[in-house]
There are 2 protein chains.
Amino acid sequence: MSLNAYFKKTKGRDAVIKILQSEDAPVDAAHIYEHLVKKHVSINQATLYRILDFFTDQGMIDRFEFQEGKQRFEIVRGDHHHLICEMCGCIEDIEDCNIKDLEKDITKKKKFLVKRHSLEFYGVCQSCQR
Amino acid sequence: MSLNAYFKKTKGRDAVIKILQSEDAPVDAAHIYEHLVKKHVSINQATLYRILDFFTDQGMIDRFEFQEGKQRFEIVRGDHHHLICEMCGCIEDIEDCNIKDLEKDITKKKKFLVKRHSLEFYGVCQSCQR
DNA sequence: CTGAGTGCAAAGGCTTTGCAAACCA
DNA sequence: TGGTTTGCAAAGCCTTTGCACTCAG
């Protein structure tokens, strides 16, 4: 791997990135796999995980864990957070939370160098409230 | 189980709660298990998980997942968050973050009823910075 | 051509389950 | 006693690994 993050194009990688680009919330490996099958892109499960690792290392996708015992992946977007419904399990992105100030505070007070943060709100989504 | 959260006392439950009370950051099941062995409290691994489920349901302990592929448990404390070092994996509690306002905003704007939130900061702890 | 990427099959880590035995109130 | 809790062993789920084969560049 050269320094400028050059990498080989393969049908698997192409398809996975396209799927992730079409999603607007983090999805799990099984979800991606189903989409691959629908698109008639046959790749092995192990390969899928390797592709996901690869893009995560490249900084192209983010990896999350929402207390479900599995990982979720999302194309890297700006600073944003998630709303997770405890009734139906749906997950929604939410933008523009100002946590940066908090990070600065922490670095100052705790001498902990904050690289990134993860903020999730658990509750009940609009349709489950009815 | 009656309504007032009454429950039976057993040596396993006692020991698990005591261990969690002595910790100041979330620990995983294996960590608790080791402590049980040290204390010569022999309980089965399956039982440990059942005890942890039980106390979580009772609202006495919190369950977290910090992108490690496993759960962590902590005695319920007030609103607080976590600093997770990506170098050594150490986890520290941090108090007094004012996310409540954000929650109100979300409920208003998104019609999402926020029950709780989870906020973790990933970075480098003080000793790993040296 | 040649290293990077893949498929296959198997194992791995963590957690859960079924069922019978043991236990607390 | 009677329902709760436990132990044991096995399975479950998600993910990772080793190795040989294939492919992109």
Discussion item. What is the distance, to the nearest angstrom, from the CD atom on A:Gln58 to the P atom on C:dA4?
Written reply: 13 Å
Practice prompt. Identify, between B:Lys11 and B:Asp28, the residue whose nearest nucleotide on DNA chain C lies closer to the 5' end.
Written response: B:Asp28
Item to complete: Would you kindly give the CG-to-P distance between B:Asn44 and C:dA20, to the nearest whole Å?
Response: 17 Å
Item to complete: Could you tell me the separation between the CZ atom of A:Phe54 and the P atom of D:dT16, rounded to a whole number of Å?
Response: 16 Å
Discussion item. What's B:Gln71 touching, base or sugar-phosphate or nothing? Going by heavy atoms closer than 4.0 Å.
Written reply: sugar-phosphate
Worksheet item: Which one, D:dT15, D:dT5, C:dG5, comes nearest to the side chain of B:Lys8?
Response: D:dT5
Worksheet entry | Given DNA chain C, 5'-ward residue of the pair B:Arg63 and B:Lys9, judged by closest heavy atom | B:Arg63
Discussion item. Let's see if you can work this out: which of C:dG7, C:dC14, D:dT15 has an atom nearest to the side-chain heavy atoms of A:Lys70?
Written reply: D:dT15
Item to complete: Compare the minimum distances between each of D:dT16, C:dT15, D:dG3 and the side chain of A:Tyr49, then state the nucleotide with the smallest one.
Response: D:dT16
Discussion item. Need one value for B:Ala30: base, sugar-phosphate or nothing, where a base atom within 4.0 Å counts as base even if backbone is also close, heavy atoms only.
Written reply: nothing
Worksheet item: Do the ring planes of B:Phe66 and B:Phe64 sit parallel (below 30°), tilted (30 to 60°) or perpendicular (above 60°)?
Response: parallel
Discussion item. Just to be sure I understand the rule, does A:Gly69 reach a base, reach only the sugar-phosphate, or reach nothing, if contact means heavy atoms closer than 4.0 Å?
Written reply: sugar-phosphate
Worksheet item: Ignoring hydrogens and geometry, is there a side-chain-to-backbone donor-acceptor pair from B:Gln21 to B:Ile75 under 3.5 Å?
Response: no
Discussion item. What is the separation between atom CD1 on B:Ile51 and atom P on C:dC23, rounded to the nearest whole Å?
Written reply: 15 Å
Fill in: Separation of atom CG in A:Asp14 from atom C1' in D:dC23, rounded to whole Å
14 Å
Item to complete: Would you confirm whether B:Arg63, through its side chain, and B:Gln71, through its main-chain N or O, come within 3.5 Å as a donor-acceptor pair?
Response: no
Item to complete: Whole angstrom is fine here: how far is it from CD in A:Glu68 over to P in C:dT16?
Response: 14 Å
Worksheet entry | Ring-ring centroid check A:Phe7 A:Phe54, cutoff 6.0 Å | yes
Worksheet item: Does a salt bridge link B:Glu86 with A:Lys115, judged by any charged N lying under 4.0 Å from a carboxylate O?
Response: no
Item to complete: Would you mind reading off the distance between A:Glu65 atom CD and D:dC13 atom C1', rounded to a whole angstrom?
Response: 13 Å
Worksheet entry | Phosphate-side-chain proximity, B:Thr10 and D:dT5, N/O vs OP1/OP2 below 4.0 Å | no
Worksheet entry | Rounded interatomic separation in angstrom, taking CG from A:Leu48 and C1' from D:dT16 | 13 Å
Worksheet entry | A:Arg50 side-chain N/O to D:dT16 phosphate OP1/OP2 under 4.0 Å | no
Response to the item:
Of the listed D:dT15, C:dG7, D:dT5, the closest approach to the A:Gln45 side chain comes from D:dT15
